[in-house]
Chemist: 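Have a look at the structure that comes next, please.
Sequence positions, counted from 1, serve as the residue numbers for this chain. Quick note: numbers below take in every heavy atom, side chains included, and nothing from hydrogens, waters or symmetry partners. Here the structure is a predicted model, which means the values were calculated and not measured. Whatever order the structure lists ligands and atoms in, that order sets their numbers, starting from 1.
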Amino acid sequence: MSAHPPETQKKHVAVIGAGMCGLKAIKEMLEAGMDVTAFEVSDDIGGIWRFTEEETLSTVYRSTRINTVRAANSFGDFPIPEGFPIAMGHEDMMRYFNLYADKFGLRKCIEFNTRVTHVEPVEARDEKSNWSWRVETEDAEGGGSRKTGTFDGVVVCSGHHSIPHSINFKGIDEFPGLVMHSHGYKDNRKFEGKRCVVVGIGNSGSDITTEISKVATRTVLVARRGAWIVPNPFFNEDADVTSRLDENIIGRLPQEVSASLVEAQLEPARQMLDKVGLGPTYRFNESHPTLTLNSLENNFYKQVEEGKIEGRRGIERFEGSTVHFTDGTSMEADAVVFCTGYKITFPFIPSDILEVNESNELKLYKHMVPVGARDVDNIAFIGVAQPVGAMAMIADVQARVAARYLSGALKMPSREAMKQDIAAKLDFNNKWYYKAPRHTVQVSIRPYLDELAEMIGATPHFLRLLFKAPWLLWLVYTTPTVGAHYRLLGYGADLDLARHDILKEYKNCYAHKRNRKTLLGVLVYQLKMLGIVLPMAIFYQLKSLLTTGKTFFFAW
Ligand SMILES: Cc1cc2nc3c(=O)[nH]c(=O)nc-3n(C[C@H](O)[C@H](O)[C@H](O)COP(=O)(O)OP(=O)(O)OC[C@H]3O[C@@H](n4cnc5c(N)ncnc54)[C@H](O)[C@@H]3O)c2cc1C
Ligand SMILES: NC(=O)c1ccc[n+]([C@@H]2O[C@H](COP(=O)([O-])OP(=O)(O)OC[C@H]3O[C@@H](n4cnc5c(N)ncnc54)[C@H](OP(=O)(O)O)[C@@H]3O)[C@@H](O)[C@H]2O)c1
């Protein structure tokens, strides 16, 4: 393969990883007319969604379900077939990925059991030729044989939820019991009859504490900031369904006001958490949300009510099998599970191309294109974002942006402009969310998707839809955001497929909810939204205009 192919030669792109994002990348690169070789270190597709009993492999746990509805988990170009549950489990996710890979013939592009060990840019010879990339791999099955290939572009899809972030508490090395991180947790069987300590109260911490507390003799959850724990709206017919229009209104309220609206509804739950020392110390929308009721059997609040979960704010030290907490209490423990999140790392990328510091801070333009010390081209990352919502929608839009970029059809702005955008986003996250490594790549899904899709003309803007497909305006603006909304316009659009998917999923996932199902439900909701929230939004927008000369839009 030549390092610098003539412009007429088909481009050849390397994709690293064949999880959710890798599959999307392969499909979109092929669709854009490029050749693809994907490298996957394991022996199958699916990434962390491929549940296995093997503890060394980072996978979801046995009971993991998607924590957003099915509708949001569909790649916009392949509706989830009828028959899949609304709350898809990992086996359903894998079924969908396999159908997707078969439909678009993706497996033939993947070299399994192959680990990428290093990528290196090869600078363009002159202005007429392109940058290319040398990709070094090794056989991961044990042979260790190494290979090098040269590609016109690289798409990194290696995930950011596999390398554990652990905490080195004083004395932990001498703790005689079981110490593990949630990335290796499969189910609660090995905690039966044990005295357990769980650290961290993200979604892993909440689910794993719930499960362990059903079989352990004692379960203490250590959470330095406590949490707002939201009952998953999947299982709640009364949960409000919000649309693009609603989000446009709510996003025009100041952060503390929109937080207060939700906090008022969660007040009884907060009181229950306060009683066991797990009440939140921050405003509702300052963090990535923690949900419970991941399935009907797993309900954090039920376990708290039954006295099966105790809370502490911190661990001071371990002394043998004794855990000393920061409030002066202590307990004898048999097991400690760290649900303390993940480190973002790309060990195969030179640090002058992308550096990730200890706080998980990194410089990716639109969470996709590195702007490091070395000025490079033709490399994109997919999946390095954490949405309040489903990753599948992001993977679908990012993969199309990457395909346009690597095929040469889309140019990135100047380095200076990209740096400014990165700095503005980091600054926004630092102000909006409390500062923590888990929030550096946090995105508010709809504004982020709109911004990204704009690069390929796929944002479902009001005026564009009005001219292109006015009959779809109502549908898009009054229903929740789903991937198919970004398949109505621009690059990769398929109007009929998208309309069909939006209608089908609306009926399946949302039409039965209280604020959609009955006329009374619709009226009460609209009265609340248009009679209370809209006037509030107008008030705060006017106030901001008069005091700062600017309006604002903040979406969580
Ligand atoms: C417990 C848990 C539950 C989650 N639940 C949800 C949810 O409900 N909804 C949601 O949207 N998101 C959820 N997520 C987030 C999740 O990260 C995404 O859904 C999604 O899996 C990201 O896909 P990915 O392809 O980026 O990464 P991964 O799924 O991690 O896939 C990366 C792939 O790259 C391969 N790879 C890595 N390094 C190399 C290398 N050097 N060479 C070759 N191959 C390599 C890996 O083997 C893997 O197959 C959850 C995460 C966790 C941990
Ligand atoms: N589908 C599902 O049901 C499901 C299940 C599990 C996970 N997920 C997803 O997987 C991703 C990862 O979730 P996660 O829960 O594993 O990780 P996470 O969201 O990063 O949460 C990590 C937790 O550990 C705490 N922590 C980190 N460092 C700490 C320290 N030094 N001392 C004390 N506490 C510390 C954090 O507290 P601070 O906030 O105070 O830093 C936080 O409570 C998220 O996107 C999540 O939504 C989904």
Side-chain angles (χ1 to χ4, degrees), residues 15-25 38-50 57-61 63-68 72-73 87-90 93 97 111-119 135 137-138 140 156-169 181-183 185 199-208 221-227 232 281-282 287-292 294-295 298 313-315 338-342 345-348 360 381-395 433-439 442 445:
V15 172
I16 304 172
M20 174 195 283
C21 294
L23 293 176
K24 264 311 325 177
F39 302 105
E40 168 53 53
V41 64
S42 73
D43 61 2
D44 203 353
I45 62 169
I48 62 159
W49 284 102
R50 190 164 65 94
L57 268 182
S58 192
T59 71
V60 295
Y61 27 93
S63 65
T64 308
R65 295 176 177 281
I66 52 170
N67 54 12
T68 48
N73 281 275
M88 285 163 68
H90 51 78
M93 290 293 276
F97 293 154
E111 290 187 15
F112 290 105
N113 298 308
T114 308
R115 180 193 308 279
V116 171
T117 52
H118 189 69
V119 301
V135 176
T137 59
E138 71 177 20
V156 180
C157 305
S158 52
H160 63 96
H161 284 141
S162 341
I163 310 298
H165 163 68
S166 298
I167 311 164
N168 205 4
F169 286 113
H181 183 271
S182 57
H183 91 290
Y185 174 87
V199 187
I201 196 170
N203 283 298
S204 301
S206 135
D207 282 353
I208 291 172
L221 171 55
V222 181
R224 56 181 170 186
R225 292 182 170 97
N232 195 324
T281 54
Y282 57 90
S287 171
H288 181 69
T290 298
L291 287 101
T292 185
N294 182 12
S295 62
N298 284 333
R313 289 295 179 191
I315 292 176
F338 286 103
C339 299
T340 41
Y342 295 88
T345 69
F346 303 100
F348 46 84
N360 275 355
F381 288 66
I382 297 183
V384 194
Q386 176 156 277
V388 181
M391 194 62 213
M393 295 196 264
I394 289 183
Y433 304 103
Y434 61 73
K435 202 163 167 22
R438 67 196 290 237
H439 290 148
Q442 185 71 25
I445 193 149

Chemist: Any idea which protein heavy atom is nearest atom 16 (O) of ligand 2, and the distance to it?
Modeler: S204 OG, 2.6 Å

Chemist: Assign the ring pair F346 / F348 to parallel, tilted or perpendicular, where the plane angle (0 to 90°) is split at 30° and 60°.
Modeler: perpendicular

Chemist: Taking only Lys NZ, Arg NE, NH1 and NH2, and the carboxylate oxygens of Asp or Glu, determine whether D43 and R50 approach each other closer than 4.0 Å.
Modeler: yes

Chemist: Compute the minimum heavy-atom distance from L23 to ligand 1 and say whether it is under 4.0 Å.
Modeler: no

Chemist: Which residue and non-hydrogen atom of the protein lie closest to atom 21 (O) of ligand 2, and at what distance in Å?
Modeler: R438 NE, 3.4 Å

Chemist: For M391, is at least one N or O under 3.5 Å away from an N or O on ligand 1?
Modeler: yes

Chemist: Looking only at heavy atoms, which two atoms of S206 and T290 are closest? And how far apart?
Modeler: CB-CG2, 3.6 Å

Chemist: Going by distance only, is there an N or O of Q386 that falls short of 3.5 Å from an N or O of ligand 2?
Modeler: yes

Chemist: Starting from atom 17 (O) of ligand 2, what is the nearest protein heavy atom, named by residue and atom, and what distance separates them?
Modeler: G341 CA, 3.4 Å

Chemist: Answer yes or no: does an N/O atom from Y61 fall short of 3.5 Å to an N/O atom of ligand 1?
Modeler: no

Chemist: N/O of N67 under 3.5 Å from N/O of ligand 1, yes or no?
Modeler: yes

Chemist: Write out the residue and atom name of the closest protein heavy atom to atom 9 (C) of ligand 2, then the distance separating them to 0.1 Å.
Modeler: N203 CB, 4.5 Å

Chemist: What residue and atom, counting heavy atoms only, is the protein's closest point to atom 43 (O) of ligand 2, and at what distance?
Modeler: I201 N, 2.9 Å

Chemist: To check your reading of the model: name the closest protein heavy atom to atom 12 (C) of ligand 2, its residue, and the distance in Å.
Modeler: H161 NE2, 3.9 Å

Chemist: Can you tell me the protein heavy atom closest to atom 27 (C) of ligand 2 and the distance?
Modeler: T340 O, 3.5 Å

Chemist: Between C21 and ligand 1, is there a nitrogen or oxygen pair with a distance under 3.5 Å?
Modeler: yes

Chemist: When H181 is tested against each of Y61, Y342, F338 for ring-ring contact (aromatic ring centres under 6.0 Å, His included), which residue passes?
Modeler: Y342

Chemist: Only heavy atoms count here, so choose which of S162, S158, G17, S182 is nearest to atom 38 (N) of ligand 1.
Modeler: S158

Chemist: Should you measure from each heavy atom of G159, which atoms of ligand 1 turn up under 4.0 Å away?
Modeler: 26 (O), 27 (O), 30 (O), 32 (C)

Chemist: Is the shortest N/O to N/O distance between G383 and ligand 1 below 3.5 Å?
Modeler: no

Chemist: Going by the order shown, which atoms of ligand 2 are within less than 4.0 Å of some heavy atom of D207?
Modeler: 3 (O), 5 (C)

Chemist: Which ligand 1 atoms does G47 reach within 4.0 Å, using its non-hydrogen atoms?
Modeler: 29 (O), 31 (O), 48 (C), 49 (O)

Chemist: Check each heavy atom of N203 against ligand 1 and say whether those closer than 4.0 Å belong to the side chain, the backbone, both or neither.
Modeler: neither

Chemist: Within the structure, does W49 bring an N/O atom to less than 3.5 angstrom of an N/O atom in ligand 2?
Modeler: no

Chemist: Flag A390 as yes when one of its N or O atoms lies below 3.5 Å from any N or O atom of ligand 1, and as no otherwise.
Modeler: no

Chemist: What residue and atom, counting heavy atoms only, is the protein's closest point to atom 40 (O) of ligand 2, and at what distance?
Modeler: R225 NH1, 2.5 Å

Chemist: Is there a polar contact between ligand 1 and S204, counting only N or O atoms under 3.5 Å apart?
Modeler: no

Chemist: Is it the side chain, the backbone, both or neither of C157 that has a heavy atom closer than 4.0 Å to ligand 1?
Modeler: backbone

Chemist: Is the shortest N/O to N/O distance between F348 and ligand 1 below 3.5 Å?
Modeler: no

Chemist: Evaluate W49 for polar contact with ligand 1, using N/O atom pairs at a separation under 3.5 Å.
Modeler: yes

Chemist: Please could you name the atoms of ligand 1 that I66 approaches to less than 4.0 Å, counting only its heavy atoms?
Modeler: 8 (O)

Chemist: For ligand 1, which atoms, with element, lie under 4.0 Å from some heavy atom of V41?
Modeler: 36 (N), 43 (C), 44 (N), 45 (C), 47 (O)

Chemist: Can you list the atoms of ligand 1 that are under 4.0 Å from a heavy atom of M20?
Modeler: 19 (O), 23 (O), 25 (O)

Chemist: With only distance considered, is I382 within less than 3.5 Å of ligand 1 through an N or O on each side?
Modeler: no

